[in-house]
Amino acid sequence: MQMIALHDLGRINAQILCQPDLHVGRVIELSGQDITSKDLQDAFSRAAGHPIHYQRFSEELLSENNFLKRLTALVDNGVVAGIADIAALEREFGPMLRVEQWLSGPGKTLFENALSAEPSSIGLR
């Protein structure tokens, strides 16, 4: 699937808003990186210094939560995979932040806080 760092999303939106005549009438699919669950697992594991395992939602959880079930179906059938031309976006708007860069930069403190947080239960509605 494709994803974009909030930093890049804000930066690109600011460029568009500051130059509206260049972008009027355009529809722009934004993304900064094509990434798989394995890529995420590997990047988070390297940043943590220990294995972080990707685990898909269990069928039991999906049967109990319609929102997650619908979201998972959209991922599975490719609807949310993304079709952005990342190379063209980078030519127009500059380099995009990759997950590894985010984990060692703007996201480092957030990730470290998440790693050191006390375990808690998560309630999904």
Go through the steps for Gln101 and Gln33 under the test side-chain contact (heavy atoms from CB on, under 4.5 Å), then give the verdict.
CA-CA 12 Å; Gln101 295 167 311; Gln33 184 174 12; over 6 Å; no
Using the test side chain to side chain donor-acceptor pair (under 3.5 Å), find all partners of [X] that sit at least two apart in sequence or belong to another chain.
| X | answer |
| --- | --- |
| Glu64 | none |
| Gln15 | none |
| Glu112 | none |

List, by chain and then residue number, the residues other than Leu6 in its hydrophobic cluster (Ile/Leu/Val/Met/Phe/Trp/Tyr, side-chain heavy atoms under 4.5 Å); write none if there are no others.
Ile4, Leu9, Ile12, Ile16, Ile28, Leu30, Leu89, Phe93, Met96
Under 3.5 Å, side chain of [X] to main-chain N/O of [Y], donor-acceptor pair present?
| X | Y | result |
| --- | --- | --- |
| Asp39 | Thr36 | yes |
| Asn65 | Leu61 | no |
| Thr72 | Lys69 | no |

Gap between atom CD of Glu90 and atom OG of Ser31 - 0.5 Å precision
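Reported value, rounded in 0.5 Å steps: 9.5 Å.
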Close side-chain approach of Asp76 and Arg56, heavy atoms under 4.5 Å
yes
Do Leu68 and Leu40 belong together in a cluster built from hydrophobic side chains that touch within less than 4.5 Å?
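As far as the 4.5 Å side-chain criterion goes, Leu40 and Leu68 are not connected within one cluster.
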Leu110 reachable from Ile52 in the ILVMFWY side-chain graph, under 4.5 Å edges
yes
Side chains of Ser45 and Asp42, donor plus acceptor under 3.5 Å
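There is no such pair (donor and acceptor under 3.5 Å, judged by atom type) between the side chains of Ser45 and Asp42.
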Give every donor-acceptor pair under 3.5 Å between a side-chain atom in residues 78-88 and any protein atom, sequence neighbours left out.
{"residue": "Asp85", "atom": "OD1", "partner": "Ala87", "partner atom": "N", "Å": "3.4"}
{"residue": "Asp85", "atom": "OD1", "partner": "Ala88", "partner atom": "N", "Å": "3.1"}

Looking at Met3, I'd like to know if its CE atom is crowded, meaning that more than 12 non-hydrogen atoms belonging to other residues, nucleotides or ligands lie closer than 6.0 Å.
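No.
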Per the ring pair (Phe, Tyr, Trp, His ring centres under 6.0 Å) rule, what does the pair list look like for residues 26-55, sequence neighbours excluded?
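The answer is Phe44-Phe111.
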List the atom of Gly32, the atom of Arg98, and the distance in Å for their closest heavy-atom pair.
O-NH1, 2.9 Å
Looking only at non-hydrogen atoms, find the nearest pair between Ala43 and Leu103 and report the distance.
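In this case the closest contact between Ala43 and Leu103 is O-CD1, 3.6 Å.
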